[in-house]
Every structure is written in C-alpha cells, then in structure tokens.
Amino acid sequence: MMNFDLTDEQRLLEQSVREWAGKEVAPRIRELDREHRFDRTIFPQMAALGLLGISVPAEYGGAGMDYLCLGLASEELEYVDTSLRVVLSVHVGLNSLTLLAWGTEDQKQRYLVPQAQGTKIATYGLTEPAAGSDARGIQTVAIRNGDRYRLTGEKIWISLADVADNYLVFAWTDLDKKKQRDPSGMSAFIVERAFKGFSSATLTQKWGILAGNTGSFKMEEVEVPRENLVGREGEGFKIAMFALDQGRYTVAAGATGLIRACRDASVEYAKQRKTFGVEIGSHQLVKEMIAQMESDYQTSRLLWQRAGWLKNVGRRNTRETGLAKWYATVASERAAGDAVQIHGANGYSDEYPVGRFYRNCKGAVIYEGTREIHKIMQADYLLGYRSDRPPRCELPAVSN
Ligand SMILES: Cc1cc2nc3c(=O)[nH]c(=O)nc-3n(C[C@H](O)[C@H](O)[C@H](O)COP(=O)(O)OP(=O)(O)OC[C@H]3O[C@@H](n4cnc5c(N)ncnc54)[C@H](O)[C@@H]3O)c2cc1C
C-alpha cells in the first residue's frame, strides 16, 4: 500500500529544522545577504542538530536518518535561505554520501567521521574555468609518483570553496585518455586545504546566494597520498556523476522549499495590499499566479519524495532525481518571478524577501546540471539513447 504520511522521526526532524532556521537565521538573513556575509557560526549549530551528518549512519558519526529526512531538511533550510541548503548539498550530498558509498574504511574513518560530526567541512570540486556542463573538458591533472599523486589545476564556482577543509576533486590520471576525452581516464581524490600548494579565494562578483560562500581553489603540484584516491583509478567520472545524484536530490528538495516560501509570502501580501478597492488576492490574475505556485510546490514535493523513497529502498534513481531537480528548479524560477510580480514595486526592493528568492533561485537552474542538460537527459531516456547500469558502489538502503 502507498503511504504519503511522514514517520514520527521525519516529522520531528522537519519541525526542528523549521524552528531552528526560523528562529536563528530568518531574523538575520536580510542583513547577511546585504553584507554578502557567510556566517560560519551556522556550522556548529547545524552540527548540533545532526544536519551535517544527517543521512550518514551512526557508526560513521552521523545522525543515521533516512534520505527523506535529508530532503525534508533541504526543503526547510531553503525555505529560509538558499545558502543554508547549499551547505547540505555540498557537504552531505555531494561529498559525504559519496565517501559513504565509495570510500575505503580508512577514508571513512579519517574524513567521513569528522565531516558527519561537523568538525570538518567538505565540498565538491568538478567545475573549472573552461568546463562546467562539459565535465570531460576539465584540465586538472594528477600525475602518479610512487605512492603519491601530484595534482595541478584550478576549480571555480565551488560552493564553500573558501571555507571548507576537505575537497572531493576530479582530475585526469591518464593523459592519453584526456586527449581523447575518454572519461575512464579520470579519477577522484580527497584533497585537504592543509595540503601544501593548495589555495582558495571567494568570488566577490556573485549576485545571488549572497549569504553563502562560493569561490575557487588552485592546486599547484599538491601532493596527495595514494590512500586519498576515491574508488579505483579511472572511476572518477562515474563517482562525479554518482555524487550529483545525491546533490541534485537536495537541490530539488531545496527548490521546493523556495517555491513554498514564494507562495507563503505572496498569499500574505495579496491579502494586505489593496487596489481598486479590494485585496489584490481577489483579482483572478493574481489568483492564477498563487494557484500555479501551489501546483508547482505540490508537484515538486512529490517528485523529490519519490526520488528519496527510491534512495531509501536502495534503487537506482538517477533518472527520477534528475527529473525532480529539473522540474523543481525551473518551477522555483517561475514562482520567484511571480512572487516579485505580486509584490509590485515592493517586490523590487529588498525590504521584502521575494527579491532575494528571485536572485537565489537562478543558481539552481544552472548548477548540478543546467536546465538544458536535464532536458536532454530526460529526452535521451525516453528515446533509448541513455540508460543506467548499476554502479559498482551504491548508497546503503535504509529501513524505517
Ligand atoms: C552558485 C553556484 C554554485 C556552484 N557550486 C559548484 C560546486 O560546489 N562544485 C562544482 O563543481 N561546480 C559548482 N558550480 C558550477 C556549476 O555546476 C556549473 O556552472 C554548471 O555545471 C554549468 O557550467 P558552466 O557554468 O560552465 O556553463 P556551460 O557549460 O558553459 O553552459 C553555458 C550554457 O550552454 C548550455 N549548454 C551547454 N552544453 C549544452 C548542450 N550540450 N546542449 C544544450 N545546451 C548546452 C548550458 O545549459 C548553459 O545554458 C556552481 C555554480 C554556481 C552558479
């Protein structure tokens, strides 16, 4: 039988994240956003709530919650601000869950445990100045020398780049395959900020997610021990794509929260503002925008929850997660545009939150697979140009 009810644990998690973000972050977010300031004090607070290791099993220092809880937390965090959800996306989704599935026991002890406990912050470095959607175009190389690799390259547009401790980095280990753009020549590594030759910077020209940190990092002949190779040599591209299945899931759920935030702000405003002698909510064209937000919210929520359910039962979900991410992010852009519209000129001022929602939503239509890349993927599944084989490593299923 189908069951759309949340479990007690899921409801409690949803409630506690909602309360924490509403009480601790919502009152300050406008100032943080205005000042382009990332507030590091949210890390210990998120750690105390168990969020930094939310779906990591207790044996690796995590809260041991299921993947639906990860989605619920993402939705609640982005309801308040996208920068909060981004922390879950890169630290938990892209990095820690990838180590959980692909890491050695030694890597889990050395990296996953402190990350899940929140004493170390982690992120994911695939994008480079000349390669985003076209991940085979990356130029970073890892040259093997005995029991070490020497990494040289530059990553850009990396969330938390200037504040993280640990980086999941993708580089070519086979230079012939690099020339042929054969992705089986790519490998994945754990790189620490503390390694010699590593440097990072913050991107200061960004116009959205201003309360978040986005930056770049450079590796100049950074020596990485062989024990930090994730998976086997040549599995890097597969690992990068596996990580995106988890990151995209949090992005989908987060965008769903943003749609809900647009809906709630619009309903409130539509009942306060009057034109032509009546509340603007009584105009049919305003109702249409609000109704569309509700439809987009409910549809997006069903889509990410289906993907979360598939993760819980241990089934491949690249297709479903991609659809959820594509739909919810595009819908969030529609919702944020209409929320500004409903607020009229007030929506064009940062006295109201909807302008921030409008700036923040666009990033997610670009990162973790652009709108166009996701469209192509969904069409390719239907046309039979694309199918998924089981990866060598999978997320552990969870039972409720
Ligand atoms: C706020 C923010 C945070 C980010 N965080 C991270 C992070 O933590 N880690 C990380 O590795 N990266 C991160 N990124 C980078 C992000 O993943 C890339 O920007 C994204 O993959 C797109 O790459 P690009 O910007 O190089 O655009 P391009 O790939 O150059 O694309 C430009 C345009 O061309 C279109 N296009 C490209 N190829 C095709 C095609 N085959 N068919 C049709 N259209 C196409 C795209 O859809 C897009 O509209 C972040 C980006 C942003 C904005």
Side-chain angles (χ1 to χ4, degrees), residues 33 36 38 78 81-98 121-140 153-171 181 186 188-189 191 193 200-219 236-237 239-251 254-255 258 322 325-326 329-330 332-333 356-380 383 385-386:
D33 192 78
H36 296 210
F38 177 73
E78 190 149 2
D81 195 62
T82 304
S83 60
L84 297 174
R85 190 272 304 154
V86 167
V87 173
L88 279 201
S89 294
V90 296
H91 176 85
V92 178
L94 289 166
N95 189 307
S96 298
L97 292 182
T98 306
I121 298 301
T123 188
Y124 170 93
L126 178 63
T127 305
E128 299 188 358
S133 308
D134 181 15
R136 295 174 196 203
I138 65 168
Q139 295 301 313
T140 298
E154 183 180 0
K155 302 287 177 178
I156 197 166
W157 286 106
I158 307 302
S159 304
L160 304 187
D162 214 15
V163 295
D165 305 288
N166 303 333
Y167 300 77
L168 184 61
V169 171
F170 302 91
R181 290 170 52 84
M186 244 183 238
F189 298 89
V191 175
R193 160 180 298 286
S200 70
T202 294
L203 289 173
T204 54
Q205 309 300 326
K206 193 171 56 138
W207 56 255
I209 323 181
L210 297 177
N213 178 265
T214 314
S216 60
F217 66 86
K218 262 198 191 134
M219 295 167 297
F237 191 80
I239 295 172
M241 297 304 122
F242 170 92
L244 286 171
D245 283 351
Q246 322 322 325
R248 285 170 180 167
Y249 173 65
T250 61
V251 173
L258 192 114
K325 190 273 180 189
W326 170 39
T329 56
V330 170
S332 75
E333 195 177 0
R356 177 165 51 85
F357 299 157
Y358 193 52
R359 285 185 278 107
N360 286 355
C361 72
K362 189 61 187 177
V365 185
I366 296 170
Y367 51 65
E368 304 218 25
T370 64
R371 177 181 60 200
E372 291 69 36
I373 294 298
H374 280 289
K375 271 190 193 169
I376 291 168
M377 275 176 69
Q378 292 301 323
D380 283 353
L383 292 161
Y385 301 158
R386 181 188 172 108

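Everything numeric here is computed off the predicted structure, so don't read it as measured data. Order of listing sets the numbers, starting from 1, for every ligand and every atom in it.
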Any protein heavy atom nearer than 4.0 Å to atom 47 (O) of ligand 1:
yes
So which heavy atom in the protein is nearest atom 19 (O) of ligand 1, and how far is it from that ligand atom?
I366 CG2, 3.8 Å
Residue, atom and distance of the protein heavy atom nearest atom 8 (O) of ligand 1 read S159 N, 2.9 Å
Closest to atom 40 (C) of ligand 1 among protein heavy atoms sits I376 CD1, 4.0 Å
Tell me, do L97 and V92 make a side-chain contact under 4.5 Å, heavy atoms counted?
yes
Considering only heavy atoms from C-beta outward, does the side chain of T140 approach that of F170 to under 4.5 Å?
no
Is there a polar contact between ligand 1 and Y124, counting only N or O atoms under 3.5 Å apart?
yes
Of all the atoms in ligand 1, which lie at a distance below 4.0 Å from a heavy atom belonging to E368?
17 (O)
Mind listing the closest non-hydrogen atom pair of I156 and P129 along with its distance?
CG2-N, 3.5 Å
Does E372 reach ligand 1 with a nitrogen or oxygen that is under 3.5 Å from one of the ligand's nitrogen or oxygen atoms?
yes
Minimum heavy-atom distance L94-L168, with the two atoms named:
O-CD2, 3.8 Å
Do W157 and K206 come close enough that some side-chain heavy atom pair is under 4.5 Å?
yes
What one should report as the nearest heavy-atom pair of E368 and H374 is O-NE2, 3.0 Å
Under 3.5 Å between some N or O of ligand 1 and some N or O of W157?
yes
Side chain to side chain contact (heavy atoms under 4.5 Å, CB included) filter on F242, not counting sequence neighbours, yields T98, A101, W102, Q246, E394, L395
Taking the side chain as C-beta and beyond, is there a heavy-atom pair between F217 and V169 under 4.5 Å?
yes
Please list, in number order, the atoms of ligand 1 under 4.0 Å from a heavy atom of L126.
11 (O)
Which heavy atom of the protein is the closest neighbour of atom 39 (C) of ligand 1, given with residue, atom name and distance?
I373 CD1, 4.1 Å
Nearest protein heavy atom with distance in Å, relative to atom 12 (N) of ligand 1:
T127 OG1, 2.7 Å
Using side-chain heavy atoms (C-beta onward) and a distance below 4.5 Å, is T127 in contact with Y367?
no
Atom indices of ligand 1, in the order listed, that fall short of 4.0 Å to a heavy atom of S133:
21 (O), 22 (C), 23 (O), 28 (P), 29 (O), 31 (O), 37 (C)
Does the side chain of T329 reach to within under 4.5 Å of the side chain of R371, using non-hydrogen atoms?
no
Would you say Y249 and K325 make side-chain contact, with heavy atoms under 4.5 Å?
no
Would you say atom 35 (C) of ligand 1 has a protein heavy atom nearer than 4.0 Å?
no
Look at atom 4 (C) of ligand 1 and say whether a protein heavy atom is found at less than 4.0 angstrom from it.
yes
Is the closest N or O pair between Y367 and ligand 1 shorter than 3.5 Å?
no
Would you say R85 and V251 make side-chain contact, with heavy atoms under 4.5 Å?
yes
Quick check on G363 - does any of its heavy atoms sit under 4.0 Å from an atom of ligand 1?
no
Does the protein put any heavy atom within less than 4.0 Å of atom 25 (O) of ligand 1?
no
Would you say atom 32 (C) of ligand 1 touches the protein, meaning some protein heavy atom is under 4.0 Å from it?
no
Would you mind running through ligand 1 and noting each atom that sits below 4.0 Å from a heavy atom of T370?
22 (C), 46 (C), 47 (O)
Using a strict cut-off of 4.0 Å, indicate which atoms of ligand 1 neighbour a heavy atom of V90.
8 (O)
